[in-house]
Amino acid sequence: MLAIAAFFLFSPFAYTYYLQVYYTDLPILVILLLIFKLLADWPQKRSSQFINAVILFGLVVCGQLIKPNLIILAVAGLFLTFSLLLQQKKQSLKKLIIPLAVIGFAFAAAFPASSAVNAVSGFKANNRYSFPLTHWVWMSYNPHDHGMYNTSDVEKMISLPSKTTRQKYLAKALPERLNSLGLGGILQQWVEKVAVSLNVSTLQVAYTGGFIQAPKFYLKWQLPVHILSQAIMRSSFIWLYLIGLSRCLFQLKYRSKLDSIRELAIILAVGYISFYTLIWEAESRYGQVLLPLLLIINTLPGYELRFTWKKSLTAKFGAIILCNLVILSNLISWHTATNQIIAAQRSQLSSQYHAKTSWLLPGKSVSQKIIFNHDINKFSVAVPPKAQITGKLINDQTQQCYSLTSSGSYSGIIAAGSYHIFLRNNELRSQPIEITRTVNYRLTSAVVMINGQTSHFTSLIYKGIYKSESI
């Protein structure tokens, strides 16, 4: 318990996007833990069973609404576990029949609940922006990005006018892509997607665009700390996997009444990995759904210290191969970034949703203050393609001016200090400009000034980095 507490409190996990962007993947991790906790502690009294059933029902419905891929619990988990217990462990099935039934009813109720939530909130799907489910399968077999998110594939979908048109396009494009890969290419894609899903090297920087204004004292130690945090994260997960895999390689001499719960967690873990390997887009953060399942597998009470080898060679070699994949995926492809983000504001809507363009009138200007606590050698501010805008970065103390290219970038040494980003429209007609607008939320300490007038809750999209040759 102390080791688990230390992992969550002191390891890099404590400051990854799980807590910073807490509404993405963290809820489903917590819900999975709570579901298995209820299953492991399922009471004997009828009154207590009713209370637990209500809680379990609510957890599954909420989990399915938040993260639809929880349906894997019903497909890979419940169905296979039910079949296994029905054939081999009918006594264990009797104890689990009520909670398994509750989970099944909860999944059935989640779909009308989703429709009800949409109706109450006034949400209506807009097919102009909807992607077919087959898009994610098609993108997952793009060999150029190892099955990860591919911008060119997304842009292709955006270029098509409707969801129906996209479905027709994918009906031909998906088989063509699979045929072009061939059997060898598909197998290679699966291995690469497993490696991506199990790799935790990028979790510390996932969904973070960098500091708005990186502290000066931290910048001196940023790169060594980054490497150290990767080593801690990797070794922590490797140990979690090794302990879990030991439960697959060895069988307990004295079986526990919770073995069926542990087996459900193992089946569900295999189901998630299979889903992201065979069907869906792969991302490192998606693979972390295994974390609560590993904790369940490793920490359920009732095990003995005396082990005996399982007789099945398939189980032995399967676990060894998976163990090697886990270790290799966490020892290769280190995220040794040489770009230190000194100051940045990168929040914006995804290109898929076509953020509304702001317009800069003729003769008007936009400016925003920015502070660099370290020298930078590359600066960029987002400027729409073909926009004819003159950009400068001006030092507040020395008034030294750095002219930006038409794309809004500058390469060269810029000393630490206080600056202003200055964009001006010298043309005779309005020019598009990228500005992020929020509702009562400040993205930076300095807001945008349009012709000397403060525009609250707005910001340009910019980034100042220091790129070192090596680390």
Side-chain angles (χ1 to χ4, degrees), residues 15-27 121-124 126 128-129 158 205-216 218 341-373 376 379-385 387-396 402 404 407-410 414 417-427 429-465:
Y15 55 83
T16 59
Y17 78 98
Y18 288 112
L19 300 182
Q20 296 179 22
V21 193
Y22 55 85
Y23 50 83
T24 53
D25 295 282
L26 186 63
S121 62
F123 173 80
K124 293 182 180 180
N126 189 337
R128 174 67 185 87
Y129 301 104
I158 294 173
V205 294
Y207 279 74
T208 57
F211 288 107
I212 295 171
Q213 183 180 318
K216 187 175 182 178
Y218 175 69
I341 297 178
I342 309 303
Q345 196 302 105
R346 301 167 70 183
S347 294
Q348 57 184 306
L349 281 179
S350 168
S351 58
Q352 175 184 341
Y353 300 103
H354 296 289
K356 292 181 180 179
T357 302
S358 298
W359 293 89
L360 192 60
L361 298 175
K364 304 298 182 181
S365 62
V366 171
S367 66
Q368 185 172 7
K369 185 176 180 179
I370 181 173
I371 295 176
F372 301 125
N373 287 322
I376 67 170
F379 177 80
S380 62
V381 59
V383 174
Q388 297 180 359
I389 293 177
T390 302
K392 298 177 181 179
L393 191 64
I394 303 173
N395 188 300
D396 292 339
Y402 301 89
L404 306 180
S407 61
S409 64
Y410 177 86
I414 299 176
S418 175
Y419 291 81
H420 264 84
I421 307 169
F422 187 83
L423 304 178
R424 183 178 176 84
N425 179 10
N426 293 323
E427 302 299 316
R429 57 182 178 178
S430 298
Q431 297 295 321
I433 187 170
E434 293 197 29
I435 296 179
T436 300
R437 301 180 185 277
T438 58
V439 179
N440 297 327
Y441 186 81
R442 302 187 83 179
L443 292 168
T444 63
S445 57
V447 298
V448 168
M449 303 289 290
I450 301 178
N451 294 308
Q453 299 296 317
T454 301
S455 180
H456 294 287
F457 311 118
T458 61
S459 176
L460 295 170
I461 303 163
Y462 58 83
K463 178 175 64 174
I465 66 175

Any non-hydrogen side-chain atom of [X] less than 4.5 Å from a side-chain atom of [Y]?
| X | Y | value |
| --- | --- | --- |
| Ile433 | Gln431 | no |
| Asn440 | Phe457 | yes |
| Gln345 | Leu460 | no |

| query | Thr444: what forms a side chain to side chain donor-acceptor pair (under 3.5 Å) with it, not counting sequence neighbours? | reply | Gln368
Rounded to the nearest 0.5 Å, how far does [atom2] of [Y] lie from [atom1] of [X]?
| X | Y | atom1 | atom2 | value |
| --- | --- | --- | --- | --- |
| Arg442 | Ser459 | CZ | OG | 10.5 Å |
| Lys463 | Ile376 | NZ | CD1 | 11.0 Å |
| Ile370 | His420 | CD1 | NE2 | 10.5 Å |
| Leu393 | Tyr419 | CG | OH | 7.0 Å |
| Ile212 | Leu443 | CD1 | CG | 7.0 Å |
| Met449 | Ile421 | CE | CD1 | 14.0 Å |

At their closest point, which heavy atom of [X] faces which heavy atom of [Y], and how far apart are they?
| X | Y | value |
| --- | --- | --- |
| Phe422 | Ser367 | CD1-CB, 4.2 Å |
| Lys216 | Asn373 | CG-O, 3.6 Å |
| Tyr410 | Leu404 | CB-CD2, 3.7 Å |
| Leu360 | Asn425 | O-ND2, 2.8 Å |
| Ser347 | Thr436 | O-OG1, 2.7 Å |
| Ala387 | Pro432 | CB-O, 3.6 Å |

| side chain to side chain contact (heavy atoms under 4.5 Å, CB included) partners for Arg437, two or more places apart | Ser358, Ile435, Ser455, Thr458
| request: Look only at the side chain of Arg346 and the backbone of Tyr462, and say whether a donor-acceptor pair between them is shorter than 3.5 Å. | output: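 Side chain of Arg346 to backbone of Tyr462: no pair is present.
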| task | Using the test ring pair (Phe, Tyr, Trp, His ring centres under 6.0 Å), find all partners of Tyr218 that sit at least two apart in sequence or belong to another chain. | result | Phe211
